[in-house]
Number of protein chains: 2
Amino acid sequence: MHYTELIKTIKARREVLQVTQETVAELSGVGLRTLKQFESGKGNPTLLTLHKIADVLGMEVSLTIKNITTNK
Amino acid sequence: MHYTELIKTIKARREVLQVTQETVAELSGVGLRTLKQFESGKGNPTLLTLHKIADVLGMEVSLTIKNITTNK
DNA sequence: CTGTATAGTGCATTATATGGCTCTTTTACT
DNA sequence: AGTAAAAGAGCCATATAATGCACTATACAG
């Protein structure tokens, strides 16, 4: 999953759940500024930050093995 | 995926591939110190750092929706 | 057009991740 | 046991993530 995809995923998920950045910030304990920065593609969040955000959105960060047979 | 699981996953993957931290550090461009810190559970890597590490191990960072029906 | 809610940005400060160097500890092999 | 490779840890300088505040931009309802 590319960086931009991660962002899109988060944004999309947030929109599906109909919650504002402000709400996510409050619920997750992540600063609103940080969340805004991340969603607007400006940031490089730490794993902890990403985790907190994903968490309140009912998502989780995971590591998966890339498909080798990726026929580019 | 919990933080400790992420670490375990990385370590396990690295061991399966039989590569040392040093090699991963060199190939990924991540500092050896940083990698050591992460694998020993001391760090809180940025998404970019995690991505670089996962990349050389043939893995990728992704966001997945938590299973709601998690019957705890 | 006007107000309101939500999202994005500039600036400054603080906290912390990164990474090199060196040393210690652990692991693995003969 | 002895040795070497690999992993972990302390010290420390630098880069940058996190955060608040204030302001701007955008979208939308009335």
Side-chain angles (χ1 to χ4, degrees), chain A residues 1-68 70 72, chain B residues 1-68 70 72:
Chain A
M1 226 178 192
H2 241 303
Y3 184 66
T4 48
E5 289 177 77
L6 287 180
I7 296 177
K8 271 190 225 162
T9 304
I10 289 285
K11 285 183 89 154
R13 178 70 176 166
R14 189 172 58 74
E15 275 149 25
V16 164
L17 296 179
Q18 299 244 54
V19 276
T20 65
Q21 291 178 336
E22 201 168 356
T23 304
V24 170
E26 281 164 10
L27 294 179
S28 65
V30 169
L32 179 56
R33 187 62 221 273
T34 303
L35 180 57
K36 282 176 183 302
Q37 226 159 198
F38 173 53
E39 280 199 11
S40 60
K42 304 281 164 57
N44 176 26
T46 62
L47 186 51
L48 183 58
T49 296
L50 183 58
H51 178 268
K52 284 184 194 164
I53 295 170
D55 209 40
V56 301
L57 293 174
M59 307 190 79
E60 64 175 1
V61 183
S62 60
L63 282 173
T64 56
I65 297 190
K66 273 190 226 166
N67 187 0
I68 305 300
T70 294
K72 242 279 238 8
Chain B
M1 226 178 193
H2 242 306
Y3 185 67
T4 48
E5 288 177 78
L6 286 179
I7 295 176
K8 270 190 227 166
T9 304
I10 289 285
K11 285 184 89 153
R13 177 70 176 166
R14 189 171 59 71
E15 274 148 26
V16 164
L17 296 178
Q18 299 242 56
V19 277
T20 64
Q21 293 178 335
E22 200 167 356
T23 304
V24 171
E26 281 163 9
L27 295 179
S28 65
V30 169
L32 180 56
R33 187 62 220 273
T34 302
L35 181 56
K36 284 177 183 301
Q37 236 167 80
F38 173 52
E39 281 199 10
S40 59
K42 303 281 164 58
N44 175 26
T46 62
L47 186 51
L48 183 58
T49 295
L50 183 59
H51 177 267
K52 284 184 195 165
I53 295 170
D55 209 40
V56 302
L57 293 174
M59 307 191 79
E60 65 174 0
V61 182
S62 60
L63 282 174
T64 56
I65 298 189
K66 274 189 223 165
N67 188 0
I68 305 298
T70 295
K72 242 277 242 359

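No more than 12 heavy atoms of other residues, nucleotides or ligands shown are found within 6.0 angstrom of CD on B:Gln18. Surrounding CD of B:Glu22 are at most 12 heavy atoms belonging to other residues, nucleotides or ligands under 6.0 Å away.
Listed by first and then second residue, the salt bridge (charged side-chain N to carboxylate O under 4.0 Å, His left out) pairs that reach into residues 34-45 of chain A are A:Arg14-A:Glu39, sequence neighbours excluded.
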Side-chain donor-acceptor distances from residues 50-57 of chain A under 3.5 Å, at least two apart:
unit_1	atom_1	unit_2	atom_2	d
A:Asp55	OD1	B:Lys66	NZ	2.5

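Looking at residues two or more places apart in sequence or on another chain, you find no salt bridge (charged side-chain N to carboxylate O under 4.0 Å, His left out) involving A:Glu60.
Defining each end axis of the helix from C:dC1-D:dG30 to C:dT30-D:dA1 as the rotation carrying four pairs' C1' atoms onto the next four, with five pairs an end, the two axes are found to diverge by 60° to 10 degrees.
Counting any heavy atom pair closer than 4.0 Å across all strands shown, B:Lys52 reaches no nucleic acid atom. B:Thr34 comes within 4.0 angstrom of a base, heavy atoms only.
Chain A approaches DNA chain D over the interval D:dA17 to D:dC21, counting the first and last nucleotide 5' to 3' with an atom under 4.0 Å from its heavy atoms. Running 5' to 3' along DNA chain C, contacts with non-hydrogen atoms of chain B at under 4.0 Å begin and end at C:dA17 to C:dC21.
When all heavy atoms of A:Tyr3 and A:Gly41 are compared, the pair lying nearest together is CE2-O, 4.3 Å.
Although no hydrogens or angles enter the test, the distance criterion places no donor-acceptor pair under 3.5 Å between the side chain of B:Thr23 and the main chain of B:Val19. At least one donor-acceptor pair under 3.5 Å links the side chain of A:Asn44 to the backbone N or O of B:Leu48. Checking side-chain atoms of B:Thr9 against main-chain N and O of B:Glu5 turns up a donor-acceptor pair under 3.5 Å.
Where A:Gly31 and B:Arg33 each meet DNA chain D at their nearest nucleotide, the meeting point lying more 5' is that of B:Arg33.
Counting heavy atoms from C-beta outward, B:Val61 and A:Leu63 have side chains that approach closer than 4.5 Å.
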